[in-house]
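Residues: numbered from 1 along the sequence shown.
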Amino acid sequence: MTQRTLFITGASSGIGAATARAAVAAGWHVGLMARSREKLDALAEELGAAALALPGDATDLAQQQDAVARLVAEKGGLDAAFANAGTGLDTPGTEAGDPEEWRAMIDLNIMALLYTARVALPELKKRRGHLVLTGSAAGKRHIAGSIYGATKWFVHGYAGNMSEEMREWGGRCTVIAPGMVDTPFFWEPKPGKIRPEDIARAVVFALDQSETADLREMFIMPTG
C-alpha cells in the first residue's frame, strides 16, 4: 500500500492526539501541528518514524504553509488534512462577553480552519485527497446566545460547500460533529461523555471509505 500522510492541527492533546495515534495504528504517517512544542515532541517520540512534529500557531497562515511544506518534503505528499484546532469561551453571551475573546476564538475556530484548507488543497488535489473538519453538535442546533455555536455553524456550512467544490476533482470533505467530549477543551473532566478516541476512530473511518463513498458528515453524541 502506498504511504498515506495526514496533517493534523490541534494535535498536541485531546481529539488531535487521539487521531494521530489511531491514524498511525491504521498505517498513516502524520504531521502534528500545535503550539505546545513539548507535547508535540513527546507525541512524535511515542509514535515513532511515522510522525513529524510541526510546532506552530494555526492562526498564522505562514506557519501553516511552512508546516505543510515541511511535511510534504519529509513524506513526499499529502493525502488528508484534519482542521481540528478550536476553542470555546470563558465568558459566554453577547452582553457579558469579551470581544477580545470572541476575536481569538474566531481566529482559531474559523480563520485557522480556512488556513488549513487553503494550504492543504494544492497538495490534496494531487492525490484526490480528503479534508476533515471538526464541527460540533453546537453547529447543528440553536443554543441560546452561543457565539461558540455560531462558529461551528460556519464550519458545517463551509464543509458542505467544500464537499461540492472538492468533488469536482475527486476529493472529499467530511465534518465530524461531536457532542460533549471529555478533553482539555474543558477546565473540568467530563466523565461519561464522548472520549477523544471515539472521535479518532470516526476520523479514520471517514478517511478509509472507498473511492465511491462520499461521507460528508458524522454526528456523534454521548450515550450517557
Side-chain angles (χ1 to χ4, degrees), residues 1-87 107-109 111-135 155 159 162 166 171-176 183-184 196-197 199-209:
M1 180 183 293
T2 303
Q3 175 183 303
R4 297 179 298 172
T5 301
L6 167 66
F7 175 62
I8 305 171
T9 64
S12 62
S13 63
I15 291 171
T19 299
R21 293 185 178 101
V24 169
W28 287 76
H29 285 224
V30 293
L32 311 171
M33 186 178 195
R35 288 176 294 182
S36 176
R37 180 182 294 271
E38 288 186 4
K39 289 182 179 179
L40 280 188
D41 287 344
L43 181 59
E45 184 176 356
E46 172 193 334
L47 297 176
L52 178 65
L54 301 163
D57 185 347
T59 66
D60 186 313
L61 175 59
Q63 291 187 43
Q64 286 218 51
Q65 287 175 324
D66 179 65
V68 168
R70 287 179 57 200
L71 180 62
V72 169
E74 175 82 15
K75 302 295 184 180
L78 187 68
D79 299 273
F82 183 22
N84 168 68
T87 191
D107 280 347
L108 189 57
N109 291 7
M111 294 306 298
L113 177 139
L114 292 174
Y115 293 160
T116 302
R118 180 184 175 92
V119 302
L121 280 171
E123 296 298 330
L124 296 180
K125 285 181 179 180
K126 298 173 183 178
R127 296 190 174 187
R128 299 176 64 193
H130 203 138
L131 179 65
V132 182
L133 311 177
T134 297
V155 174
M162 288 307 298
M166 293 175 70
R172 290 173 289 187
C173 180
T174 301
V175 60
I176 309 291
T183 75
E197 293 79 9
I199 306 304
R201 283 191 291 270
V203 174
V204 173
F205 178 80
L207 293 176
D208 283 344
Q209 291 301 295

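- The shortest distance between side-chain heavy atoms of W28 and D208 falls below 4.5 Å.
- Contact of the L207 side chain with the V132 side chain is registered, since non-hydrogen atoms from C-beta on lie closer than 4.5 Å.
- Environment of CZ in R35: sparse, with no more than 12 heavy atoms of neighbouring residues, nucleotides or ligands closer than 6.0 Å.
- Contact of the T19 side chain with the R201 side chain is not registered, since no non-hydrogen atoms from C-beta on lie closer than 4.5 Å.
- A heavy-atom distance below 4.5 Å is found between the side chains of F7 and L54.
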Could you go step by step and tell me if T174 and H130 meet the side-chain contact (heavy atoms from CB on, under 4.5 Å) rule? CA-CA 8 Å; T174 301; H130 203 138; 2.8 Å; yes
With side-chain contact (heavy atoms from CB on, under 4.5 Å) as the criterion, how do D57 and Q64 come out once you've worked through the C-alpha distance, each side chain's angles and the decisive distance to 0.1 Å? CA-CA 7 Å; D57 185 347; Q64 286 218 51; over 6 Å; no
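- When V119, L71, L6 are each tested for a side chain to side chain contact (heavy atoms under 4.5 Å, CB included) with L78, only one passes: L71.
- Taking the side chain as every heavy atom from C-beta outward, L133 and F82 never approach each other to under 4.5 Å.
- Contact of the L61 side chain with the R118 side chain is registered, since non-hydrogen atoms from C-beta on lie closer than 4.5 Å.
- A donor-acceptor pair is defined here as one N or O able to donate and one able to accept, closer than 3.5 Å; such a pair exists between the side chain of Q209 and the backbone of F205.
- With hydrogens and angles disregarded, a donor-acceptor distance shorter than 3.5 Å links the side chain of T9 to the backbone of A85.
- A salt bridge does not link E197 with R21: every distance from a Lys NZ or Arg NE/NH1/NH2 to an Asp or Glu carboxylate oxygen is 4.0 Å or more.
- When side chains are defined from C-beta on, L113 does not count as touching N109, because their heavy atoms never get closer than 4.5 Å.
- Between the side chain of Q3 and the backbone N or O of K75, at least one donor-acceptor pair lies under 3.5 Å.
- Not one N or O on the side chain of D41 forms a donor-acceptor pair closer than 3.5 Å with the backbone of A53.
- In terms of modelled atom types and a separation under 3.5 Å, the side chain of N84 and the main chain of I8 share no donor-acceptor contact.
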